[in-house]
Amino acid sequence: MTAPFFRIALILGLLSAIGPFAIDMYLPALPSIGQDLHADNNVTQLTLLAFFISFALAQLVYGPLSDMWGRKLPLYLGIGLFAVASIGCALATDIETLIAFRFVQGIGGAAGMVIPRAIVRDMHTGVQAARLMSLLMLVFSISPILAPLTGSAVIEFYGWRGVFWVVTIAAFIGLVLLATQLEETRSANERSGSGLSSAMAAYRLLLTDRNFLTLTFIGGLGISSFLVYLANSPFVLIQHYGLTPTQYSFAFSINAVSFFAVSQATGWLGERFGLVRVMRIAVSAYALAMVVMVVMASGFNQLPVLATFLFIGYGFLGLVIPTSAVLALEDHGEIAGTASSLMGTLHFVIAAVAMVISSVFFDGTAVPMAAGIALCAFSAFALTQATIGRRAAVAAAE
């Protein structure tokens with residue numbers, strides 16, 4: 001791989017990480033935010049849910065805009081809005097205001113999630129796209145690996161408000177990189193045929209494409225399992241198991257390391273065995289690890305047991321996410337922005353539903369969280385076997 005390949009992956013990964021950085025970095029502060037703003041745990045979790053809802057819905061807009069206007073202009077708009085909302089979060093004096101600005105922050109952050117995937121599809125397909133996507137995810141890993149650690153350090157010295165000032169700075173750095181290091185990948189000729197009517201037609205096409213929807217739901221269920229952990233783990237690990245915010249940050253980062261380290265094998269494995277086969281085997285191993293985890297968590301309420309199975313399961317998930325995304329976008333290069341939008345929206349709608357359900361059953365212990373993660377993993381496995389697995393079996397018999 002050449003230096004420009006790595007440079008593009010670095011820039012796209014950092015742009016993608018800006019939004020999630022605003023989630024992961026303040027996770028260690030969730031209990032203290034609730035105490036400072038006089039809100040209970042369920043209300044405090046709404047600051048996460050509000051972000052995810054707007055983050056999901058706004059993606060439906062950015063994709064068509066990037067097909068119509070090119071990739072860079074919507075990125076400028078989104079990251080700029082994210083920066084303004086981050087300042088509002090830093091200045092919030094009550095939980096309602098914080099929730100409102102988190103909602104706006106999610107609208108802005110959605111641009112960085114949608115458009116880099118479309119840029120990958122603009123530049124590459126197949127195994128090369130999988131290589132770039134997995135490398136992008138390696139850079140993206142700066143968020144779940146470093147953000148909680150950075151957040152706990154910032155919180156220690158400046159309180160939870162300091163987190164939002166830091167993400168404001170990160171947004172401005174993203175704008176500078178966008179302006180100086182990234183070229184437009186969608187030409188004027190490609191944009192000329194894009195408009196509101198073509199966007200609606202593209203959404204109709206995608207919503208009737210069984211292959212696209214299947215792969216999107218498999219990836220979305222995988223992401224949901226990670227976000228269920230993300231929403232509940234601060235309370236489980238800090239309040240139930242007694243970890244400090246810094247210890248929690250290390251525990252959270254270990255799972256992220258597993259996820260993104262294994263994802264780097266996607267290109268090599270895909271080239272050797274094929275992306276579909278890699279995804280099918282990875283989904284099976286991921287589901288097995290998570291189902292065994294919830295069984296063990298029910299009988300052995302020990303943090304090392306939980307952490308071990310999360311580490312193994314999220315490692316296999318690192319193969320599922322990039323392969324499902326590349327395969328879903330493979331046949332939709334002309335509407336890559338719109339396809340990426342719908343994919344991202346469906347991912348986070350599924351995740352929001354999973355987070356709400358897990359919060360209803362949350363009792364402060366690890367078992368409901370583990371059960372929610374395992375349910376997402378098993379659902380992804382069942383869907384893969386019922387669709388992708390069946391088609392592969394038919395193809396092999398012909």
Minimum heavy-atom separation for [X] to [Y], with atom names?
X: Met296; Y: Val305; value: CB-CG1, 3.7 Å
X: Ser324; Y: Gly219; value: OG-CA, 3.6 Å
X: His240; Y: Ala366; value: CD2-N, 4.3 Å
X: Ala328; Y: Thr216; value: CB-OG1, 4.2 Å
X: Ala287; Y: Ala377; value: CB-O, 3.6 Å
X: Gly80; Y: Leu175; value: N-CD2, 4.3 Å

With distance as the sole test, does [X] use its side chain to make a donor-acceptor pair with the main-chain N or O of [Y] at under 3.5 Å?
X: Asp209; Y: Leu205; answer: no
X: Ser86; Y: Thr168; answer: no
X: Lys72; Y: Glu183; answer: no
X: Ser54; Y: Ala50; answer: yes

Show your working on side-chain contact (heavy atoms from CB on, under 4.5 Å) between Val320 and Leu317 and close with a plain yes or no.
CA-CA 5 Å; Val320 176; Leu317 184 60; 4.1 Å; yes
What I'd like to find out is whether the side chain of [X] reaches to under 4.5 Å of the side chain of [Y], using heavy atoms alone.
X: Leu306; Y: Met293; value: yes
X: Arg277; Y: Leu269; value: no
X: Leu81; Y: Gln105; value: no
X: Thr244; Y: Ile238; value: no
X: Leu346; Y: Leu213; value: yes
X: Val167; Y: Ile18; value: no
X: Leu227; Y: Leu48; value: no
X: Ser225; Y: Tyr286; value: yes

Trp268 vs Phe273 aromatic rings, parallel, tilted or perpendicular, using cut-offs 30° and 60°?
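Geometry flag for Phe273 against Trp268: perpendicular rings.
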With under 30° as parallel and over 60° as perpendicular, where do the rings of Phe212 and His332 fit, or are they tilted in between?
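Rings of Phe212 and His332: perpendicular, as their planes differ by over 60°.
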Out of curiosity, does [Y] fall in the hydrophobic cluster containing [X] (side-chain heavy atoms, cut-off under 4.5 Å, transitive links)?
X: Phe311; Y: Leu237; result: no
X: Phe378; Y: Met369; result: yes
X: Met68; Y: Val61; result: yes
X: Phe172; Y: Ile11; result: yes
X: Val84; Y: Val104; result: no

Counting only heavy atoms not in [X], do more than 12 sit closer than 6.0 Å to its [atom1] atom?
X: Gln239; atom1: CD; value: yes
X: Tyr229; atom1: OH; value: yes
X: Arg161; atom1: CZ; value: yes

Drop me the distance from [X]'s [atom1] to [Y]'s [atom2], to the nearest 0.5 angstrom.
X: Leu15; Y: Ile79; atom1: CG; atom2: CD1; result: 5.0 Å
X: Leu60; Y: Leu65; atom1: CG; atom2: CG; result: 11.0 Å
X: His347; Y: Ile223; atom1: NE2; atom2: CD1; result: 4.5 Å
X: Leu327; Y: Leu215; atom1: CG; atom2: CG; result: 5.5 Å
X: Ile350; Y: Cys376; atom1: CD1; atom2: SG; result: 9.0 Å
X: Phe381; Y: Arg280; atom1: CZ; atom2: CZ; result: 10.0 Å

How is the hydrophobic cluster of Val360 composed, in terms of its other members, when Ile, Leu, Val, Met, Phe, Trp and Tyr link through side-chain heavy atoms under 4.5 Å apart, directly or indirectly?
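Besides Val360, the hydrophobic cluster comprises Val353, Ile357, Phe361, listed by chain and residue number.
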Going by side-chain heavy atoms closer than 4.5 Å, which hydrophobic residues are tied to Val349, directly or by a chain of links?
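For Val349, no cluster forms, as it stays isolated from other hydrophobic side chains.
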If a pair satisfies ring pair (Phe, Tyr, Trp, His ring centres under 6.0 Å) and one of its residues is in residues 72-108, list it, with sequence neighbours excluded.
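Non-adjacent pairs meeting ring pair (Phe, Tyr, Trp, His ring centres under 6.0 Å): zero.
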Would you say [Y] and [X] are linked by a side-chain donor-acceptor pair, where the criterion is simply a distance under 3.5 Å?
X: Asp94; Y: Thr97; result: yes
X: Ser341; Y: Tyr62; result: no
X: Ser66; Y: Arg71; result: yes

Full working for side-chain contact (heavy atoms from CB on, under 4.5 Å) between Ser263 and Leu319
CA-CA 5 Å; Ser263 74; Leu319 295 174; 5.7 Å; no
Quick one, Leu275 with Val326, criterion side-chain contact (heavy atoms from CB on, under 4.5 Å). Give me CA distance, side-chain angles, the key distance, then yes/no.
CA-CA 9 Å; Leu275 293 178; Val326 168; 4.0 Å; yes
Begin with the C-alpha distance, continue with both residues' side-chain angles, and end with the deciding distance and a verdict on side-chain contact (heavy atoms from CB on, under 4.5 Å) for Val294 and Ile373.
CA-CA 8 Å; Val294 73; Ile373 293 170; over 6 Å; no
For Thr44, check side-chain contact (heavy atoms from CB on, under 4.5 Å) against everything at least two apart and list the hits.
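With neighbours one apart ignored, the set is Leu30, Ile33, Ala39.
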Taking only residues two or more places apart in sequence, or in another chain, which ones meet Leu288 in a side-chain contact (heavy atoms from CB on, under 4.5 Å)?
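side-chain contact (heavy atoms from CB on, under 4.5 Å) list for Leu288, sorted by chain: Val292.
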Sequence-distant partners of Tyr203, side chain to side chain donor-acceptor pair (under 3.5 Å), two or more places apart
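For Tyr203 there are no side chain to side chain donor-acceptor pair (under 3.5 Å) partners, ignoring immediate neighbours.
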